[in-house]
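To start, the structure itself, in structure tokens.
Since the structure is predicted, the reported quantities are computational estimates derived from the model, not experimental observations. Counting starts at 1 for both ligands and their atoms, in listed order. Throughout, numbering of the chain's residues begins at 1 and tracks the sequence.
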Amino acid sequence: MLYHLLYPLHDTISFFNVFRYITFRTIYASLTAFFICFFLGPWVIKKLTEMQIGQYIQNDGPETHHKKAGTPTMGGTLIIFSVVVSTLLWMDLANCYSWVVLLVIIGYGFIGFIDDYLMLIKKRNKGLSARGKFAMQVFLAMIAGFFIYFCLDFDTRVTIPFFKNVSPDLGWGYIFFAALVIVATSNAVNLTDGLDGLAIGPVIIVSVTYMVFAYVTGHNRLSEYLQINYVAGSGEITIFCGILVGAGLGFLWFNTYPAQVFMGDVGSLALGAVIGTVAVITKQEIMLVLVGGLFVMEVLSVIFQVGFFKVTNGKRIFRMAPLHHHFELKGWPEPKVIVRFWIISIALALMAISTLKLR
Ligand code: 57M
């Protein structure tokens, strides 16, 4: 909105010329999202507490989690609010990608909100049925895929990291591929959100990485120099990634150990889905496996655990899945698990950024 209101005035007030620069709007959009979370956080936590929106803890979880019962949850509502306000304020609303990411974060936030709300009504750590939640996620992801495919004359080739000459064109099949990326990432972040700050940390790290990807992908000369796909208009996603970083840091201020608030499914499903959407728009979909490698590790730990359990009639690979619980049960203090997982996430992000030159 500010872009549309103030940039046209740059002929009379030359300072407003800065609003044309993506870097300027990214920095101030990020700061806007951060300060919305930082200053509204205490009020939101107070409201969630008053409304008794507190976390129910499964009995079969790690012993150390029982003290967390009652921690306010659904803090993801604050994240989504700050992201939406900052997006409307700082992004170019004539750019279709702005509306795609808004559709996804609000739509998945709504799915998560229903899940959290039902969990609180059902008075246990379960919400929507797995099938119901999955169906809603797929439906919304397909809408996003359709929108990207039909409205934006989108390049339907899939970028394969490291192989610049291999990019299969999926045609309309890209819609299903895009939906797969969005749904998978949404559930991966959801699974990872099981320790204080464990999900929001890598979300921030992945968002910084895709801020770099979006900037170069939306830059004609830079994308040509780096031999990556140029996606006209995707530069705006740089600003959105900056907003995710700001909102994530603002939420982490309260979610860091010992957490004053959990994000809930309303936050984890929304953040995961919108990261998947960013990966699709910047045409760095497969790269997300590396950048979001921590989320991949968490999902694979569950898949291997469940599979091994079934094949061996009850034996387990890990003490408990997802992976973060395994290390908890090994005796690692919670903060140690969290920070070490963040370190792994940063290392993966640096490797992913390095691939921009390795083509
Ligand atoms: C999402 N939810 C956290 C919080 C957060 C198939 C199976 C792997 C599913 C999985 C599951 O239920 N996943 C649901 C993870 C929960 O966090 C809430 O959920 C939101 C995110 N969706 O925002 O509202 C608990 O996580 C802890 N937490 C924190 N700090 C945070 O900042 O401490 C969350 C955020 C919270 C709190 O304790 O209550 C969760 O873990 O449920 N199931 C599991 O992850 C369970 N694993 C399991 O059953 N493993 C089995 C098989 C199925 C693989 C095995 O290993 O044999 C574990 N989780 C729990 N209990 N709670 C272990 C059992």
Side-chain angles (χ1 to χ4, degrees), residues 45 48 53-80 108-109 111-120 122-131 133-134 137 185-203 248 251-273 295 297-330 333-335 337-338 341-342:
I45 292 168
L48 291 172
I53 300 181
Q55 185 68 51
Y56 284 89
I57 305 293
Q58 282 178 359
N59 297 326
D60 56 354
E63 196 62 36
T64 50
H65 283 234
H66 293 166
K67 64 179 184 294
K68 294 169 180 270
T71 303
T73 186
M74 295 180 75
T77 48
L78 172 63
I79 299 172
I80 293 171
Y108 270 76
I111 296 172
F113 182 90
I114 296 173
D115 194 26
D116 287 330
Y117 186 71
L118 288 177
M119 173 173 56
L120 293 164
K122 291 183 175 178
K123 301 293 181 204
R124 55 189 169 81
N125 199 356
K126 298 287 179 199
L128 275 170
S129 69
R131 193 186 299 264
K133 183 156 67 169
F134 185 71
Q137 288 177 306
T185 317
S186 177
N187 287 298
V189 174
N190 180 47
L191 265 184
T192 304
D193 192 27
L195 296 180
D196 298 354
L198 184 65
I200 199 67
V203 164
F251 180 74
L252 180 60
W253 187 274
F254 305 101
N255 182 237
T256 187
Y257 182 85
Q260 295 167 260
V261 64
F262 298 152
M263 67 171 75
D265 283 25
V266 60
S268 59
L269 293 180
L271 288 172
F295 300 128
M297 284 160 51
E298 293 268 59
V299 170
L300 289 179
S301 69
V302 172
I303 292 170
F304 290 139
Q305 179 86 328
V306 172
F308 192 76
F309 187 88
K310 285 178 178 167
V311 166
T312 60
N313 289 323
K315 289 201 176 88
R316 285 181 161 84
I317 303 173
F318 306 101
R319 297 182 185 206
M320 186 181 286
L323 195 57
H324 53 266
H325 287 317
H326 172 75
F327 291 107
E328 274 194 295
L329 297 184
K330 278 189 75 169
E334 184 172 346
V337 179
I338 297 160
F341 274 37
W342 287 354

Does any N or O of ligand 1 fall below 3.5 Å from an N or O anywhere on [X], backbone included?
| X | result |
| --- | --- |
| Val261 | no |
| Ala321 | yes |
| Ala259 | no |
| Gln58 | yes |

Q.
What I want to check is whether the side chains of Asn187 and Gln137 have a donor and an acceptor closer together than 3.5 Å.
A.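 Yes.
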
Q: Would you kindly say whether Ser268 and Asn190 are connected by a side-chain donor-acceptor distance under 3.5 Å?
A: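 The criterion, which ignores hydrogens and geometry beyond distance, is satisfied for Asn190 and Ser268.
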
Within a distance under 4.0 Å of any heavy atom of [X], pick out the atoms of ligand 1 and give their elements.
| X | value |
| --- | --- |
| Met320 | 56 (O), 63 (C) |
| Lys68 | 29 (C), 33 (O), 38 (O) |
| Gln305 | 54 (C), 55 (C), 56 (O), 57 (O) |
| Asp265 | 19 (O), 20 (C), 21 (C), 22 (N) |
| Ser268 | 21 (C), 22 (N) |
| Asn255 | 32 (O) |
| Val306 | 54 (C) |
| Ile57 | 38 (O), 39 (O) |

**Q.** side-chain contact (heavy atoms from CB on, under 4.5 Å) between Glu298 and Leu198, intermediate numbers included
**A.** CA-CA 11 Å; Glu298 293 268 59; Leu198 184 65; 3.5 Å; yes

Output yes when a side-chain donor or acceptor of [X] lies under 3.5 Å from a complementary backbone atom of [Y], and no otherwise.
| X | Y | value |
| --- | --- | --- |
| His326 | Arg319 | yes |
| Gln55 | Thr73 | no |
| Asp115 | Asp265 | no |
| Asp196 | Thr256 | no |

Counting heavy atoms only, which part of [X] comes closer than 4.0 Å to ligand 1: side chain, backbone, both or neither?
| X | answer |
| --- | --- |
| His65 | side chain |
| Asp116 | neither |
| Thr71 | neither |
| Met263 | both |

Q: Return yes when Pro322 approaches ligand 1 closer than 4.0 angstrom through a heavy atom, no otherwise.
A: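 Yes; Pro322 lies near enough to ligand 1 that a heavy-atom distance drops under 4.0 Å.
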
Q: Decide if atom CH2 of Trp253 counts as having more than 12 heavy atoms of other residues, nucleotides or ligands within a radius under 6.0 Å.
A: no

(Q) With a 6.0 Å cut-off (strictly less than), is the heavy-atom count around NZ of Lys315, excluding the residue itself, greater than 12? (A)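 No, not enclosed.
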
Q. What's the verdict on side chain to side chain donor-acceptor pair (under 3.5 Å) for Glu334 and His324, showing C-alpha distance, side-chain angles and the deciding distance?
A. CA-CA 9 Å; Glu334 184 172 346; His324 53 266; over 6 Å; no

Q. Do Leu269 and Lys133 have side chains that get closer than 4.5 Å, going by heavy atoms?
A.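 With C-beta onward as the side chain, the pair touches.
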
For [atom], which of the options [options] provides the nearest non-hydrogen atom?
| atom | options | value |
| --- | --- | --- |
| atom 10 (C) of ligand 1 | Leu191, Val266, Asn59 | Leu191 |
| atom 8 (C) of ligand 1 | Asn190, Val302, Leu323 | Val302 |
| atom 30 (N) of ligand 1 | Thr64, Asp196, Val189 | Asp196 |

Q | Audit row: Leu329, Phe318, side-chain contact (heavy atoms from CB on, under 4.5 Å) steps and yes/no | A | CA-CA 10 Å; Leu329 297 184; Phe318 306 101; over 6 Å; no

